[in-house]
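Here the structure is laid out as structure tokens; the discussion comes afterwards.
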Amino acid sequence: MSGRGLFGRIDWLTIFLYAFLVFIGWINIYSTTLSDPNASIFDFSTLYGKQLFFIGVAGVGIIFVLFIETNFFERFASIFYIISIFLLLGLFLFGKTIAGATSWYDLGFFNLQPSELAKVTTALALAKYLSDIQTDIKNRKHQLYALLIILIPAILILPQPDPGSSLIYFSLFFVLFREGFPLYYLGIILVMVTLFAATLMFGTVWIAIALGLLTGVIFVFKKKSTKIPLLPLGGIVILSILFSLSVDFIFENVFEQRHRDRFALWLRLEKDEGKLEEIRKNIGYNTYQSEKAIESGGFFGKGFLEGTRTKGDFVPEQHTDYIFSSVGEEWGFMGTVTVILLFTFFFLRLIFIAERQKNDFSRMYGYGVISILLIHYFINIGMVIGLLPTIGVPLPFFSYGGSGLIFFTMLLFIFLKLDSNRLKDGI
């Protein structure tokens, strides 16, 4: 087995699933952006032509990744991470603003979004740190360093403002938990998310009252033999109230009005039905039209290039964040199920590959890849069908965009290159 070349060691099933997803994505980009039926698919002035060019660039990147030395990625992971941090910092001086977010560098022929690159480098840096023989994930100091690797790019991206991209980095917590990070941190995260939403809905006063009542219930119904440490319990209550007090500041000063309106719609924060309906028609317009487009597709869909809502531009940004709605309208229930099954098989295959790794760095990076791609998939689909608020998260390999496709591809194929090394010496 040691004599097998690279092409004999690479996981071709994953590559097939990847290529199929990219192909279906491009077909739907073509459908949503086609304006002249007589135009060539290689017309690079069109969005589908540009996406075809990006696919070609991603293909060149795949070749580069597959033929580079495997230990290159682990050896230089920290340097790549530092470069991506400087690129994120540079946006505050040289960034280009698109759709209200200063998240891009204008390179003339191409807009580079460094937050996409930072996803790759953060996954590499985290895997390198966790796999270091001197790192003990049970050690509080080492836990802090691991958290900082994740939080630094997320914090730099948040004020662009791009809370959607910032949120993606928190998916890497799954890597930490997979490698033995104490589960009570997961409880803290869930409590913080719950407190954030509850504070927006009910206010800090009611949160404080609820915490006081909960504390009282604990003491009333506890067994006489059970001793509850008052100082830690009191500290938790105080910290919870302080966090609740900070929610309004974050909501009003970190989020833009468009983000606040989306949360208002999602959580029904606006009690005035008239204003809520106005928000639904304006801020919730994309989601409403997306749901209608999917609903209109029925069981088998209207057919390729036959989507009336797609052709009528009813769904804004349909070729980017709402690309899945075109699948629903033109390919129907069967098409959406097919795409969901493809993604499901894709993720299950990646989990299988990650679990068979003998090298700690490869396994940890693999779970970083899975976490990032899975959270993108989950949020995007939830957003398109109205289960989650619109936060501008693309569907991997599907949505239009050069930075997204190229760096998603690099993210995946670095993992496949690491996996191919597993068989190099007959392991």
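What's counted below: heavy atoms across the whole structure, side chains too, no hydrogens, waters or symmetry copies. Numbers here are sequence positions counted from 1.
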If only atom types and distance count, is the side chain of [X] paired as donor or acceptor with the main-chain N or O of [Y] below 3.5 Å?
X      : Y      : result
Gln113 : Ser403 : no
Lys417 : Leu66  : yes
His376 : Pro394 : yes
Ser131 : Ala127 : yes

Has [X] got more than 12 heavy atoms of other residues, nucleotides or ligands less than 6.0 Å from its [atom1]?
X      : atom1 : value
Phe20  : CZ    : no
Phe299 : CZ    : yes
Phe243 : CZ    : yes
Phe92  : CZ    : yes

- [ ] State which residue, out of Tyr377, Tyr18, Phe378, fulfils the ring pair (Phe, Tyr, Trp, His ring centres under 6.0 Å) condition with Phe343.
- [x] Tyr377
Within a strict 4.5 Å, meaning less than it, do heavy atoms of the [X] and [Y] side chains meet?
X      : Y      : result
Val393 : Leu167 : no
Lys119 : Leu172 : no
Ile24  : Thr338 : no
Phe94  : Thr102 : no
Leu52  : Tyr30  : no
Leu151 : Phe170 : yes
Phe73  : Ile68  : yes
Leu126 : Leu176 : yes

Just how far is it from atom [atom1] of [X] to atom [atom2] of [Y], taken to the nearest 0.5 Å?
X      : Y      : atom1 : atom2 : result
Ile15  : Leu412 : CD1   : CG    : 8.0 Å
Leu130 : Tyr365 : CG    : OH    : 14.5 Å
Phe177 : Ser371 : CZ    : OG    : 11.0 Å
Ile353 : Ser362 : CD1   : OG    : 11.5 Å
Thr14  : Phe352 : OG1   : CZ    : 9.5 Å
Asn359 : Thr70  : CG    : OG1   : 10.0 Å

Which atom pair, heavy atoms only, marks the closest approach of [X] to [Y]?
X      : Y      : answer
Tyr367 : Arg178 : CE1-NE, 3.7 Å
Pro153 : Leu148 : CD-O, 4.5 Å
Ala58  : Leu405 : CB-CG, 4.5 Å
Gln357 : Asp419 : NE2-OD1, 2.6 Å
Leu91  : Trp104 : CD2-O, 3.6 Å
Gly401 : Gln51  : N-OE1, 3.1 Å

N-O pairing of [X] and [Y] below 4.0 Å:
X      : Y      : answer
Glu179 : Lys138 : no
Glu355 : Arg363 : no
Lys141 : Asp136 : no
Arg356 : Asp11  : yes
Arg75  : Glu69  : no

- [ ] Go through the steps for Thr320 and Ser399 under the test side-chain hydrogen bond (donor to acceptor under 3.5 Å, both in side chains), then give the verdict.
- [x] CA-CA 5 Å; Thr320 55; Ser399 295; over 6 Å; no
TODO: Apply side-chain contact (heavy atoms from CB on, under 4.5 Å) to the pair Thr121 and Ile83, showing each step before the final yes or no.
DONE: CA-CA 9 Å; Thr121 61; Ile83 290 172; over 6 Å; no
Task: Ile241 vs Ile207, side-chain contact (heavy atoms from CB on, under 4.5 Å): CA-CA, chis, key distance, verdict - done: CA-CA 7 Å; Ile241 294 174; Ile207 294 297; 5.5 Å; no
- [ ] Evaluate the ring planes of Phe53 and Phe44, with Trp represented by its six-membered ring, and classify them as parallel (under 30°), tilted (30 to 60°) or perpendicular (over 60°).
- [x] perpendicular
Open item on the list: Let's go through Tyr322 and Thr32 carefully: what are the C-alpha distance in whole Å and the side-chain angles of both, what is the deciding distance for side-chain contact (heavy atoms from CB on, under 4.5 Å) to 0.1 Å, and is it a yes or a no?
Closed with: CA-CA 10 Å; Tyr322 287 88; Thr32 57; over 6 Å; no
Task: Candidate list Phe54, Phe397, Phe398, Phe408, test side-chain contact (heavy atoms from CB on, under 4.5 Å), partner Val22, passing option - done: Phe397
TODO: Give me the one residue out of Leu245, Leu242, Val247, Leu195 that meets side-chain contact (heavy atoms from CB on, under 4.5 Å) with Thr204.
DONE: Leu245
Open item on the list: Taking the six-membered ring for Trp, are Phe16 and Trp12 closer than 6.0 Å centroid to centroid?
Closed with: no
- [ ] Evaluate side-chain contact (heavy atoms from CB on, under 4.5 Å) for His142 paired with Tyr129, printing each intermediate quantity in order.
- [x] CA-CA 9 Å; His142 295 172; Tyr129 179 73; 3.5 Å; yes
- [ ] Starting from the C-alpha separation in whole Å, work towards a yes-or-no answer on ring pair (Phe, Tyr, Trp, His ring centres under 6.0 Å) for Phe72 and Phe80.
- [x] CA-CA 11 Å; Phe72 171 83; Phe80 295 149; 5.5 Å; yes
